[in-house]
Amino acid sequence: KQISSWIQPGKNQPITAAQIKKALGSPLISELAGKTGTKPATVASGLAKSLPMIIDALTPDGDTDDAHVKKASGDLDLGEIGSLLGSFLR
């Protein structure tokens with residue numbers, strides 16, 4: 001329901017740092033913290049604050065069509081965005 005709210009028009013439902021940590025797992029959050037030189041809690045709270053806005057911006061008016069995502073992301077399609085995020089998370 002939360003993720004759907006980020007895609008669909010209207011208000012984005014919040015997500016907590018604890019929910020991010022549960023979804024991604026402590027090892028990944030710790031790895032990201034190590035790569036960014038921050039604390040795991042900072043990574044989780046930063047993702048909780050920014051992820052809804054990022055998804056919302058990439059799916060204007062609830063449109064998940066690659067053409068709209070490419071326009072919003074500087075010509076990257078969903079697969080490329082997923083690859084970029086995946087490489088960041090490794």
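The residues of the chain are indexed from 1 along the displayed sequence.
The heavy-atom pair separating L47 from P52 by the smallest distance is O-CD, 4.0 Å. Contact detail for T16 and A48: the closest heavy-atom pair is C-CB, 3.7 Å.
A distance of 11.0 Å separates NZ in K22 from CD1 in I15, rounded to the nearest 0.5 Å. We find the CD1-CD distance between I3 and Q13 to be 11.0 Å, quoted to the nearest 0.5 Å. The NZ atom of K21 lies 7.0 Å from the OG atom of S30; values are rounded to the nearest 0.5 Å.
When the side chain to side chain contact (heavy atoms under 4.5 Å, CB included) test is applied to I55, the partners found at least two apart in sequence or on another chain are W6, I7, L51, T59. In terms of the side chain to side chain contact (heavy atoms under 4.5 Å, CB included) criterion, residue partners of T38 (sequence neighbours excluded) are, by chain and number, A33, T36, T42, V43. Partners of Q2 by side-chain hydrogen bond (donor to acceptor under 3.5 Å, both in side chains), not counting sequence neighbours, listed by chain and number: Q19.
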